[in-house]
*Asks:* 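Before anything else, here's the structure in question.
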Amino acid sequence: MPALSQIDRSVSNHDVIPVLESTVFDDAPTARLAGGLIARDGIALPGFEREFAAHFQLRRKVYVEQTGQLSVSELDADGTDRDPDDARSVTFGVFENHRSGTRLVGVARLILRGEHRPLPIEEYCPDALLPGEAGATSVEVSRVIARHESAGVQALVQAHLFALMLAHLSRHRLGRTFAILEPWLERHVKGLLSISRLGEPRYIEHYLDDNVPIEVDVPASIERVGEHYPALVERYRDAEPAISTFGRTRTGAASGRAA
C-alpha cells in the first residue's frame with residue numbers, strides 16, 4: 001500500500017467509488033450494506049460480471065488516481081491493474097445501497113499460494129519465512145481497499161472486508177495467512193485483528209514505502225472481530241457464496257441485524 005504522503009488530496013473518496021447497476025440489493029431493497037464473494041481465480045462468479053469489473057475500476061482509481069502507487073503505463077490494455085496474482089485469488093466486495101445507486105465501497109482478495117508459486121511475502125520479504133515454511137494452503141491478504149466519505153462508515157466497510165476473508169479462511173480451512181503492511185496500517189489493523197510481525201520494516205520498491213511482514217492468527221481474529229461485531233464472521237461463513245445484506249437505509253425498514 002502507498003505512503004500516506006503520496007495520496008493526492010484533490011482526489012476524494014467520493015471520486016473513486018464506482019456506482020454500478022447491480023442486483024445485490026434486489027432481495028433486500030432497504031438494506032444499507034451487502035458483502036460477499038464476487039470472483040474466483042480471476043473470473044467473476046456467474047451474475048457478478050459488473051461487480052467484478054467495478055472492483056477493477058475501484059482499484060485503478062485508488063492506486064493510479066488517488067495514491068499514485070501505479071502509473072498508467074503499468075495498467076493492462078483494458079485500463080485495469082490486473083496482475084498474475086488475480087488468477088489465483090478469491091475476491092470480495094462490499095456494496096452500499098446509496099441514493100445514487102449501488103456503490104462498491106470495499107474490495108479485497110486472498111492470494112492462494114498453491115504448490116509452485118511463492119506468495120508476494122516470500123518474494124519481497126525473503127527473511128520472513130524459512131524455505132518451504134509457507135505450505136500450499138497458505139494465503140496472503142492483498143488489495144484491501146475501503147473508501148467512503150464518512151470515516152465511521154469506512155471503518156465499518158473495512159471490518160466487513162476482514163470478516164469476509166476470515167469467514168472464507170475458516171470455511172475452507174486454509175493454512176497460514178500473511179500480509180505485507182505499512183507500519184501505520186499495522187497499528188490500525190491491530191485494533192481489530194490478532195497479528196504478529198515476521199520481521200522488521202523494510203523499504204519495498206514495489207509498494208514505494210516501508211512495509212512489515214505479518215501473520216494473521218485466524219481463530220483469534222475471528223474471536224476479536226466477534227467482540228466488536230457479534231456473529232458477523234459466522235454469518236458470512238454460513239452464507240458463502242451468497243451475498244449477505246446488513247442494516248437499513250435511512251428511509252427503509254430493517255432487512256437484518258445491522259453490523
*Asks:* Looking at V105 and V157, what are the two nearest heavy atoms and their distance?
*Replies:* O-CG1, 3.5 Å
*Asks:* Strictly below 4.0 Å, N to O, side chains only: are R109 and D86 in salt-bridge contact?
*Replies:*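 Answer for the salt bridge query: yes.
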*Asks:* Indicate the atoms forming the closest heavy-atom contact of Y236 with A167, along with that distance.
*Replies:*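 It is CB-CB, 3.7 Å.
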*Asks:* Atom CD in E182, atom CG in D210: separation rounded to 0.5 Å?
*Replies:*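 The distance works out to 9.0 Å.
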*Asks:* Could you tell me which non-hydrogen atom of I121 sits nearest to which non-hydrogen atom of A179, and how far apart they are?
*Replies:*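 Taking I121 first and A179 second, the nearest heavy atoms are CD1-O, 4.0 Å.
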*Asks:* Does E227 have more than 12 heavy atoms from other residues, nucleotides or ligands lying within 6.0 Å of its CD?
*Replies:* yes
*Asks:* Considering non-hydrogen atoms only, spot the tightest contact between S244 and A239 and give its length.
*Replies:* OG-CB, 3.3 Å
*Asks:* Please check if I243 and I43 belong to a single hydrophobic cluster, counting links between Ile, Leu, Val, Met, Phe, Trp and Tyr side chain heavy atoms closer than 4.5 Å.
*Replies:* no
*Asks:* Is there a donor-acceptor pair closer than 3.5 Å between any side-chain N or O of S150 and the backbone N or O of V153?
*Replies:* yes
*Asks:* Is any side-chain heavy atom of F178 closer than 4.5 Å to one of E122?
*Replies:*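 Not in contact.
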*Asks:* On a heavy-atom basis, which atom in G93 and which in L164 lie closest, and how many Å separate them?
*Replies:*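 Scanning both residues, the minimum pair turns out to be O-CD1, 3.9 Å.
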*Asks:* Salt bridge or not for D83 and R88, using N-O below 4.0 Å?
*Replies:* no
*Asks:* Check whether any side-chain N or O of S221 sits under 3.5 Å from a backbone N or O of S194 as a donor-acceptor pair, and report yes or no.
*Replies:*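 Checked: pair present.
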*Asks:* Do E140 and T177 come within less than 4.5 Å of each other through their side chains, counting heavy atoms only?
*Replies:*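 Result no, sub-4.5 Å side-chain heavy-atom pair not found.
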*Asks:* If I take atom NE2 from residue H98 and atom CD1 from residue I17, how far apart are they, to the nearest 0.5 angstrom?
*Replies:*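 Taking NE2 in H98 and CD1 in I17, the distance rounds to 7.5 Å.
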*Asks:* Using modelled atom types only, decide if a donor and an acceptor are shared between the side chain of Q154 and the backbone of G152 within a distance under 3.5 Å.
*Replies:*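 Checked: no pair found.
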*Asks:* Indicate the atoms forming the closest heavy-atom contact of R237 with S170, along with that distance.
*Replies:*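 Here R237 and S170 meet closest at NH1-OG, 3.1 Å.
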*Asks:* With rounding to the nearest 0.5 angstrom, report the CG to CD1 distance, L185 to I180.
*Replies:* 12.0 Å
*Asks:* Is the shortest distance from a Lys or Arg side-chain nitrogen in R224 or D217 to a carboxylate oxygen in the other one below 4.0 Å?
*Replies:* no
*Asks:* Under a single-linkage definition using a 4.5 Å side-chain heavy-atom cutoff for Ile, Leu, Val, Met, Phe, Trp and Tyr, are V19 and V94 assigned to the same hydrophobic cluster?
*Replies:*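 Different clusters: V19 never reaches V94 through Ile, Leu, Val, Met, Phe, Trp or Tyr contacts under 4.5 Å.
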*Asks:* Taking N97 for its side chain and P29 for its backbone only, find out whether a donor-acceptor pair lies under 3.5 Å.
*Replies:*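 Yes: the side chain of N97 pairs with the backbone of P29.
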*Asks:* For R113, is there an ion pair with D85 - N to carboxylate O distance below 4.0 angstrom?
*Replies:*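 Salt bridge flag = no for R113 with D85.
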*Asks:* Less than 6.0 Å separating the ring centroids of F162 and F92?
*Replies:*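 Not under 6.0 Å, so no.
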*Asks:* So I145 and L58, do their side chains get closer than 4.5 Å, heavy atoms only?
*Replies:* yes
*Asks:* Mind running side chain to side chain contact (heavy atoms under 4.5 Å, CB included) on I222 and E234 for me, showing each step along the way?
*Replies:* CA-CA 9 Å; I222 291 174; E234 290 79 6; 4.0 Å; yes
*Asks:* Side chains of H160 and Y229: do they bring a donor and an acceptor to under 3.5 Å?
*Replies:* no
*Asks:* Once rounded to the nearest 0.5 Å, what's the spacing between atom CD1 of I111 and atom CG of L119?
*Replies:* 7.0 Å
*Asks:* Over 60° means perpendicular and under 30° means parallel, so classify the ring planes of H168 and H172, tilted if in between.
*Replies:* tilted
*Asks:* Count the heavy atoms belonging to other residues, nucleotides or ligands that lie under 6.0 Å from NE2 of H14, then report whether that count exceeds 12.
*Replies:*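 Count not over threshold, so no.
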*Asks:* Within a radius of less than 6.0 Å around CG of D238, do more than 12 heavy atoms belonging to other residues, nucleotides or ligands occur?
*Replies:*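 Atom CG in D238 is crowded, with more than 12 foreign heavy atoms closer than 6.0 Å.
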*Asks:* Does any N or O in the side chain of R171 come within less than 3.5 Å of the main-chain N or O of E240, such that one atom is a donor and the other an acceptor?
*Replies:*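 Yes; at least one donor-acceptor contact below 3.5 Å.
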*Asks:* Flag yes if more than 12 heavy atoms outside E223 fall under 6.0 Å of its CD atom; otherwise flag no.
*Replies:*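 Counting neighbours around CD of E223, 12 or fewer heavy atoms of other residues, nucleotides or ligands fall under 6.0 Å, so no.
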*Asks:* Hey, does L193 have a side-chain heavy atom less than 4.5 Å from the side chain of L166?
*Replies:*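 Yes, side chains in contact.
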*Asks:* With rounding to the nearest 0.5 angstrom, report the OG1 to CD distance, T23 to E51.
*Replies:* 6.0 Å
*Asks:* Salt-bridge test for R59 and D81: reply yes if a basic N is under 4.0 Å from a carboxylate O, no otherwise.
*Replies:* yes
*Asks:* Rounded to the nearest 0.5 Å, how far does CD of E133 lie from OG of S138?
*Replies:* 9.0 Å
*Asks:* Would you say that R176 contacts L129 through its side chain, given a criterion of any heavy-atom pair below 4.5 Å between the two side chains?
*Replies:* yes
*Asks:* Taking the side chain as C-beta and beyond, is there a heavy-atom pair between L104 and F52 under 4.5 Å?
*Replies:*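 A side-chain contact under 4.5 Å is absent here.
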*Asks:* Would you say the side chain of Y124 lies within less than 4.5 Å of the side chain of E205, judging by non-hydrogen atoms?
*Replies:* no
*Asks:* Is the backbone of N13 close enough, under 3.5 Å, to the side chain of R147 for a donor and an acceptor to pair up by distance?
*Replies:*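 Between the backbone of N13 and the side chain of R147 there is no qualifying donor-acceptor contact (under 3.5 Å).
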*Asks:* Is a side-chain N or O of R32 found less than 3.5 angstrom from the main chain of T245, in a donor-acceptor match?
*Replies:* no
*Asks:* Salt bridge check: are E149 and R103 linked by an N-O gap of less than 4.0 Å?
*Replies:* yes
*Asks:* Run the salt bridge (Lys or Arg N to Asp or Glu O under 4.0 Å) test on E215 and R197 for me, step by step, so that the C-alpha distance in whole Å, both residues' side-chain angles and the decisive distance to 0.1 Å come before the verdict.
*Replies:* CA-CA 6 Å; E215 182 169 4; R197 280 192 176 189; over 6 Å; no
*Asks:* Test your reading of the model: is there a side-chain donor-acceptor pair from S22 to the backbone of V24, 3.5 Å cut-off?
*Replies:* yes
*Asks:* Counting C-beta onward and ignoring hydrogens, is there a side-chain heavy-atom pair between Q158 and V189 closer than 4.5 Å?
*Replies:* no
